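Okay, structure first, notes after.
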Amino acid sequence: MVVNLSYSSRIFSLSCPGLDSAFTRTTGAAKKQHQGPAHISRNSGDSANFTLASMTERSSTLLGDLRDKRAFPIFADCPYENKANTRYFISRGTGATLPRRHWCFFGEVVDFVVFGRLTIDARDTSGRIIRISFYDDNRGLRFVTNDQVKKGYTVAVLYPLQHWFLDMSQGFRVEDVSKVMILPCSLRRLRSANDRLHDSRSDGTCWTPDCNRTEGLLRCSGCRKALYCSMDHQSAAWKDHKPECKALQAVEWFTQKDWGTYRTAHSF
Ligand SMILES: [Zn+2]
Ligand SMILES: [Zn+2]
């Protein structure tokens, strides 16, 4: 099994080549270790299949919800550059403003080009396609070099401001890549993973449709969210769960952050 959630490269990459290696059996309270938003440490090995679900491992409180349109605005609702916006900023006299809350834009990568710098065309949930162009030291090329940007993936941009480019197209001008992450799943999957985490049934019932078992559940060691009452149900679910598993891991960072009151900026 290769599950490499690389924080430093700001992208999740993982492959779960076989069912047998996709789950880990541990009898203790295997604890997830976080070393950044995208790092997950786990046991691995062919002999390992499941983590026994224990009540102490129930999901931590969900703080973020992608359905929150203020925290996760479409492009049209993101603040403009050089324009007062009381939804996201507090005025501090003399023209200075401070963020009053956090926000993050999500768009699905429709296309990308490298012409001296990386430029991504991304579609938000309203269907609008906007441009995200990189003006950091590396001009966004790290995402290309590491093969991280792909059509169909989702790009997340923290604190973006609407920008008019010289050719009058609109989008975001990225100067700090620590505010950008590319997630290896579609925006639709990311959002459905979010919804699933917020579904109260997801943290105590077998995830097989129409199975209502709540006892002796086994937990997927990939996402540490999916629960199954038996090997049979887990095996049957794996084909559908595999892409969902990635999306659940990708969305977790966003659901564990407080998107309300602003103290210091989030970074990937
Ligand atoms: Zn079941
Ligand atoms: Zn999973």
Side-chain angles (χ1 to χ4, degrees), residues 1-7 11-62 64-66 152-154 181 183-256:
M1 173 170 69
V2 177
V3 178
N4 171 27
L5 299 177
S6 166
Y7 171 48
I11 190 169
F12 301 82
S13 70
L14 65 168
S15 67
C16 297
L19 176 62
D20 58 341
S21 59
F23 290 80
T24 305
R25 178 183 289 284
T26 56
T27 51
K31 286 258 170 25
K32 190 167 45 173
Q33 295 174 9
H34 278 283
Q35 294 177 5
H39 181 93
I40 292 175
S41 160
R42 89 252 336 281
N43 294 329
S44 62
D46 291 343
S47 61
N49 279 322
F50 282 109
T51 295
L52 295 172
S54 72
M55 286 306 109
T56 57
E57 241 196 309
R58 288 177 83 92
S59 296
S60 50
T61 311
L62 294 166
D65 186 341
L66 267 55
Y153 281 7
T154 299
M181 184 185 274
L183 308 161
C185 63
S186 69
L187 184 50
R188 183 183 60 79
R189 277 205 188 279
L190 193 76
R191 291 179 64 84
S192 71
N194 170 81
D195 297 354
R196 186 136 210 191
L197 289 183
H198 283 273
D199 178 348
S200 58
R201 275 174 46 88
S202 298
D203 204 28
T205 310
C206 176
W207 281 29
T208 297
D210 301 325
C211 177
N212 293 312
R213 285 230 170 92
T214 56
E215 302 289 316
L217 299 175
L218 301 160
R219 191 181 291 277
C220 170
S221 70
C223 57
R224 308 194 78 86
K225 303 294 178 198
L227 295 166
Y228 299 101
C229 66
S230 62
M231 286 290 281
D232 281 352
H233 274 182
Q234 181 269 315
S235 301
W238 177 241
K239 193 163 164 283
D240 288 337
H241 179 62
K242 192 175 166 183
E244 177 185 52
C245 191
K246 272 194 202 181
L248 285 160
Q249 292 172 62
V251 83
E252 185 177 27
W253 187 82
F254 300 91
T255 60
Q256 290 188 342

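Since this is a predicted model, take the numbers as computed values, not measurements. Each ligand, and each atom within it, is numbered from 1 in the order the structure gives. Because only heavy atoms are used, hydrogens play no part in the values below, and waters and symmetry mates are left out as well, while side chains stay in.
No donor-acceptor distance shorter than 3.5 angstrom exists from the side chain of His241 to the backbone of Ser235, with no hydrogens or angles considered.
Rounded to 10°, the angle that SG of Cys245 and NE2 of His241 form at the Zn ion (ligand 2) is 110°. The angle subtended at the Zn ion (ligand 2) by SG of Cys223 and SG of Cys220 is 110°, given to the nearest 10°. Rounded to 10°, the angle that SG of Cys206 and SG of Cys229 form at the Zn ion (ligand 1) is 120°.
Closest N/O/S atom of His233 to the Zn ion (ligand 1): ND1.
Checked for salt-bridge contact, Arg224 and Glu252 miss the test: no charged N lies under 4.0 Å from a carboxylate O.
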Practice problem: Run the numbers on Arg196 and Trp207 for side chain to side chain contact (heavy atoms under 4.5 Å, CB included), then give the verdict. | Solution: CA-CA 10 Å; Arg196 186 136 210 191; Trp207 281 29; 3.4 Å; yes

Exercise. Before giving the answer on side chain to side chain contact (heavy atoms under 4.5 Å, CB included), spell out for Thr205 and Leu227 the whole-Å C-alpha distance, their side-chain angles and the decisive distance to 0.1 Å.
Key: CA-CA 7 Å; Thr205 310; Leu227 295 166; over 6 Å; no

